[in-house]
Novice: 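The structure that follows is given in the form of structure tokens.
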There are 2 protein chains.
Amino acid sequence: MTITQLYYVLAVAENQNFTKAAEKCFVTQPTLSMQIQKLEDQLDVQIFDRSKKPIELTDVGRKIVTQARNIVNESYRIQDIVDQQKGFIGGEFKLGIIPTIMPTLLPMFLKNFIKKHPKVKLKIEELTTEEIITRIKDGHLDAAIAATPLEDESIKERVLYFEPFVSYIPKGHRLHSSKKIDVSDLDINDMLLLEDGHCFRDGVINLCKVFKDQSDETFQLESGSIETLIKLSNEGLGMTLLPYLHTLDINDKEKENLHYFNEPSPAREVSIIYHKSELKMQIIEALQDVISGIIRGAIAFQNVKIISPLPKK
Amino acid sequence: MTITQLYYVLAVAENQNFTKAAEKCFVTQPTLSMQIQKLEDQLDVQIFDRSKKPIELTDVGRKIVTQARNIVNESYRIQDIVDQQKGFIGGEFKLGIIPTIMPTLLPMFLKNFIKKHPKVKLKIEELTTEEIITRIKDGHLDAAIAATPLEDESIKERVLYFEPFVSYIPKGHRLHSSKKIDVSDLDINDMLLLEDGHCFRDGVINLCKVFKDQSDETFQLESGSIETLIKLSNEGLGMTLLPYLHTLDINDKEKENLHYFNEPSPAREVSIIYHKSELKMQIIEALQDVISGIIRGAIAFQNVKIISPLPKK
DNA sequence: ATATTTTTATAGCCTAAATTTATAAACATG
DNA sequence: CATGTTTATAAATTTAGGCTATAAAAATAT
């Protein structure tokens, strides 16, 4: 049994296809076929059920894949230990970011980071919280930036900053007149929210006293971007909540519709999250340093008491 | 990097010597030298400091060895998963037993076990609790039988039975006249105990109200075997405590010196212990089954309320 | 200091194993 | 039933792991 064989098993299990898996591994398909057969012979058990199309894992196969993932990931840690020892910060690093953080945070720190750590090849992907969690677990992401806490046992979190929410209340809305508003004023039934799966929505919902009654809605519209959300709100379809950083680059006319919360302001906790195995920890810490440095000062509410919308256990 | 290379690193780290490590791995010394050099080249770091005699690990080397042990052990689990699936119970199994359990328990279950599971090659070693703990952690033991609880995070325990203590009180001792005795009668200052490191001693000490005052002792004698303990006791050097199973095969004259405890009788908890990774779990469960079956009936005190000498947290 | 033993590294060779190309067989799809 | 897709097999090639022999280095004995 070799680490390579286990790696091949993982590739086939993931792609459910020998040919595609072979490409991903940069070897030919017969190589995969033979190596996996050899492993199956040695263990004297079928890992894949080749009669099913597409190929499926057997029951033992599933357990073997879990363990194989373990071993392969742990084997990466050896190079990681060496890198750490040498203070080397480099190599490929896959970072996920949720949509409501991506456009505001990324431009702020990216230039800075690549300047400071030119040897790191950052690969950034916009993903939902749910996608991020699976990808961190299966090793397709090294880390991610998302709203926390997640309360997932195999994922660790390091808080980067707290981002207050700001109400966006268009003219004509019942709350438009009040200068500052309170959390208790919120009513989920006249609020526009981001589409499901975006954690920002989860955060907002938890803020509201009244839960949306899905049975008697006149309309249901969930946008994928905050920009659309603002436009819909302008059309009089309801108020919305914006994360503070988003309010920095909206136009002046729309800025008039911003209503800050009375203290303690509701906020979301934004963290860098990573697998509990702490692989590539040097890069994660480098990211944390750069982002924390940038954010210090960027968020005006530093001294404001905030309440987190997601319950901390 | 291959699992074999990591295994070679472990062997050299353990033996602090390439030649001896090579023997243990059943390969020649040049093979080890080359494979380890190759790994060091690939990682671009020295794992061993060859200038020191005997050979030492470098700082990174130490971390690499820890991780390598991890990976090698986890790789064994793959065959284990297959075995478990097939219900196969066999292969080599290294079991440690503490000295005060060995002579009484082993003859009771060994014959039974090898008859029921002929494919398991049991290798049994008499070891102190301390030795057992290190060897379970470094993978040199698959499981062990010892007095519990150990409260060690990386070791799991399964209670096999509770073994009551019986007082052995020679003629002339202040307690010899009383038929049944009570825990509160014990005084550690006139008791003979097994040598340090044997967990039985730890158990007994915890039973006693008065802790031995080491400053004003007239003599200090700690025997390595229960047989010597009885003989010393006969010489009038003090009373002692025997685990119940030991009282079954002492001679009739000495049996007169046995004094059972009032209920609840003090007892020790005897468990099969193993690494938290649960490697070779089928065999551990097979052992548990056989021993539990044998012990049922062998211990007469089954319905007696007992108190454990070691505090349960 | 020099010889001897012990231990690790190097060189060259051999064998086994991994990978490739080419091709066949099995299977699904139109 | 023909065609495209996918996996398995065969033979050739390259690579890697292992061995023997031996050199080099270090420790120990003379």
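In the text below, chain A, chain B and the rest are named by the order of the sequence lines, each starting its count at 1.
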Novice: Rounded off to whole Å, could you give me the CG-to-P distance for the A/Asn17 and D/dA8 pair?
Specialist: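 That distance rounds to 11 Å.
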Novice: Looking just at side-chain N and O atoms, do B/Gln37 and B/Asp41 make a donor-acceptor pair shorter than 3.5 Å?
Specialist: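 No, B/Asp41 and B/Gln37 have no side-chain donor paired with an acceptor closer than 3.5 Å.
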Novice: May I ask you to verify if any side-chain N or O of B/Thr19 is less than 4.0 angstrom from the OP1 or OP2 atom of C/dT7?
Specialist: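 For C/dT7, neither OP1 nor OP2 has a side-chain N or O of B/Thr19 closer than 4.0 Å.
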Novice: Quickly work out the A/Gln37 CD to C/dA17 P distance and round it to whole Å.
Specialist: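 My rounded result for the distance is 16 Å.
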Novice: As a test of reading the structure: which of C/dA9, D/dG18, D/dT9 is closest to the side chain of A/Ser33, going by heavy atoms?
Specialist: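 Selected nucleotide (nearest to the side chain): D/dT9.
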Novice: What nucleotide, of C/dT19, D/dT7, C/dA22, holds the atom closest to the side chain of A/Phe18?
Specialist: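 Nearest to the side chain of A/Phe18 among the choices is D/dT7.
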Novice: Can you tell me the distance, in whole Å, between the CD atom of A/Gln35 and the C1' atom of C/dT19?
Specialist: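 Rounded to the whole Å, the gap is 8 Å.
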Novice: Nearest whole angstrom, please: distance from the P of C/dT8 to the CD of B/Glu23.
Specialist: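 Those two atoms, CD and P, are 11 Å apart.
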Novice: Reckon A/Ile55 touches a base, only the sugar-phosphate, or nothing at all at heavy-atom distances under 4.0 Å?
Specialist: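 Since only primed, P, OP1 and OP2 atoms lie under 4.0 Å of A/Ile55, the category is sugar-phosphate.
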Novice: In whole Å, what is the span from the CD atom of A/Glu56 to the C1' atom of D/dT7?
Specialist: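 These atoms are roughly 16 Å apart.
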Novice: Let me know the distance between CD1 of A/Ile36 and C1' of C/dT19, rounded to the nearest Å.
Specialist: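 So the CD1-C1' distance, A/Ile36 to C/dT19, works out to 14 Å.
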Novice: On DNA chain C, does the nearest nucleotide to B/Gln16 precede the nearest nucleotide to A/Ser51 from the 5' side, or the other way round? Give the residue.
Specialist: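 This one resolves to B/Gln16.
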Novice: Can you tell which of C/dT8, C/dT19, D/dC19 lies closest to the side chain of B/Gln29?
Specialist: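 Selected nucleotide (nearest to the side chain): C/dT8.
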Novice: Rounding to an integer number of Å, can you tell me how far A/Met34 CE sits from D/dA11 P?
Specialist: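 After rounding, the reported distance stands at 11 Å.
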Novice: Strictly below 4.0 Å: does B/Thr28 bring a side-chain N or O up to OP1 or OP2 of D/dC19?
Specialist: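 Yes, because at least one side-chain N or O of B/Thr28 sits under 4.0 Å from OP1 or OP2 of D/dC19.
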Novice: For the pair B/Asp80 (side chain) and B/Tyr76 (backbone), establish whether a donor and an acceptor sit closer than 3.5 Å, ignoring hydrogens and angles.
Specialist: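 Side chain of B/Asp80 to backbone of B/Tyr76, a donor-acceptor pair under 3.5 Å: no, none is there.
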Novice: What I want to check is whether the side chains of A/Gln16 and A/Glu56 have a donor and an acceptor closer together than 3.5 Å.
Specialist: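 A/Gln16 vs A/Glu56: no donor-acceptor pair found between side chains.
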Novice: Testing the 3.5 Å rule here: is there a donor-acceptor pair between the side chains of A/Ser33 and A/Gln29?
Specialist: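 Yes, because at least one side-chain N or O of A/Ser33 sits under 3.5 Å from a partner of the opposite role on A/Gln29.
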Novice: Please report the distance, rounded to the nearest Å, between CG in B/Asp41 and C1' in C/dA9.
Specialist: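 Result: 13 Å.
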Novice: Tell me yes or no: between the side chains of B/Gln288 and B/Arg158, is some donor less than 3.5 Å from an acceptor?
Specialist: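 There is such a pair (donor and acceptor under 3.5 Å, judged by atom type) between the side chains of B/Gln288 and B/Arg158.
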